[in-house]
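None of these values were measured; they are calculated from a predicted model. Residue numbers count from 1 along this sequence.
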Amino acid sequence: QAHPEESGGGLVQPGESLRLSCTVSGRLFGSYVMGWFRQAPGKEREFVAAISQSGGRTSYEDSVKGRFTISRDNAKNTMYLQMNSLKPEDTAVYYCSRDGSFEAVVAGTAYYWGQGTQVTVSS
């Protein structure tokens with residue numbers, strides 16, 4: 001019952017970058033499909049990106065493709081979301097999730113979720 005923990009959020013101006021991190025304690029990190037979702041005020045939770053256990057398969061929401069990069073370092077029990085060219089519409093709480101199924105993570109039905117980290121993009 002190890003829940004993910006997100007970090008790296010903050011306040012940046014449009015066009016700037018942030019790197020989010022997500023860690024899961026224990027010895028089974030490499031067995032988890034990992035993903036990122038975000039939720040802006042008054043809006044539904046939105047899929048951002050997902051990555052397979054070994055990192056060989058990734059998926060991105062269209063609006064972030066080419067700007068965001070998901071990656072993982074299983075030796076460090078850490079997943080990353082590099083966010084470049086940030087826009088005001090990227091403002092949201094970003095949540096990390098894990099599951100054994102790639103499809104479940106992409107669909108937002110992953111069983112385990114973190115507390116979230118706030119990303120604010122504003123002038």
Side-chain angles (χ1 to χ4, degrees):
Q1 201 170 354
H3 291 268
E5 296 184 9
E6 305 93 340
S7 62
L11 172 63
V12 297
Q13 295 184 341
E16 295 183 338
S17 298
L18 281 174
R19 187 180 71 169
L20 305 183
S21 298
C22 173
T23 61
V24 183
S25 63
R27 304 178 67 181
L28 299 177
F29 183 80
S31 298
Y32 306 144
V33 179
M34 304 292 296
W36 292 98
F37 277 70
R38 65 187 181 185
Q39 187 167 26
K43 297 184 178 180
E44 295 183 343
R45 184 181 61 181
E46 177 187 39
F47 170 74
V48 177
I51 187 166
S52 62
Q53 295 93 330
S54 64
R57 180 183 178 188
T58 59
S59 183
Y60 295 93
E61 193 272 324
D62 287 343
S63 69
V64 309
K65 194 170 186 178
R67 298 188 298 121
F68 291 10
T69 302
I70 189 170
S71 62
R72 66 191 296 161
D73 186 341
N74 289 349
K76 297 181 179 179
N77 280 23
T78 302
M79 174 185 65
Y80 304 97
L81 185 68
Q82 178 66 45
M83 305 185 295
N84 298 327
S85 301
L86 282 163
K87 305 174 181 179
E89 50 263 45
D90 296 318
T91 296
V93 177
Y94 283 71
Y95 296 94
C96 177
S97 66
R98 71 172 179 90
D99 203 276
S101 165
F102 193 92
E103 290 75 21
V105 170
V106 172
T109 58
Y111 195 79
Y112 294 99
W113 296 82
Q115 298 279 1
T117 185
Q118 177 71 50
V119 173
T120 302
V121 185
S122 177
S123 299

Before you tell me yes or no, could you show the steps for Thr58 and Ile51 under side-chain contact (heavy atoms from CB on, under 4.5 Å), namely the whole-Å CA-CA distance, both residues' side-chain angles and the distance that decides it to 0.1 Å? CA-CA 4 Å; Thr58 59; Ile51 187 166; 3.9 Å; yes
Can you list everything that forms a side-chain contact (heavy atoms from CB on, under 4.5 Å) with Gln53? Sequence neighbours excluded, please. Val33
Least distance between heavy atoms, [X] atom then [Y] atom:
X	Y	value
Ser59	Phe102	CB-CZ, 3.9 Å
Met34	Cys22	CE-SG, 3.8 Å
Asn74	Ser54	ND2-CA, 4.5 Å
Gly30	Arg72	CA-NH2, 4.2 Å
Trp113	Phe37	CH2-CD1, 3.6 Å

In sequence, state the C-alpha distance, the side-chain angles, and the governing distance for Tyr94 and Met83, and then conclude on side-chain contact (heavy atoms from CB on, under 4.5 Å). CA-CA 12 Å; Tyr94 283 71; Met83 305 185 295; 3.9 Å; yes
Do [X] and [Y] touch side chain to side chain, with heavy atoms closer than 4.5 Å?
X	Y	answer
Gln118	Thr91	yes
Val121	Lys87	no
Tyr32	Val105	no
Pro4	Val24	yes
Arg98	Phe29	no

Can you hop from [X] to [Y] via hydrophobic side chains spaced under 4.5 Å?
X	Y	result
Leu86	Val93	no
Met79	Tyr112	no
Leu81	Val64	yes
Tyr80	Tyr95	no
Val119	Tyr60	yes

Atom pair SG/CD of Cys96 and Glu5 - distance to nearest 0.5 Å: 10.0 Å
When rounded to the nearest 0.5 angstrom, what distance separates OG1 in Thr78 from CG in Leu20? 12.5 Å
If you take the centroid of each ring, where Trp contributes its six-membered ring, are Trp36 and Phe68 closer together than 6.0 Å? no
Salt bridge Glu103-Arg57, side-chain N to carboxylate O under 4.0 Å: yes
So Asn84 and Ser17, side-chain contact (heavy atoms from CB on, under 4.5 Å) or not? Walk me through it. CA-CA 4 Å; Asn84 298 327; Ser17 298; 2.9 Å; yes
Side chain Thr109, main chain Ala104, donor-acceptor under 3.5 Å: yes
Gln115 (side chain) donor-acceptor with Glu6 (main chain) under 3.5 angstrom: no
Under the side-chain hydrogen bond (donor to acceptor under 3.5 Å, both in side chains) definition, can you give me all pairs with a residue in residues 40-51, not counting sequence neighbours? Arg38-Glu46
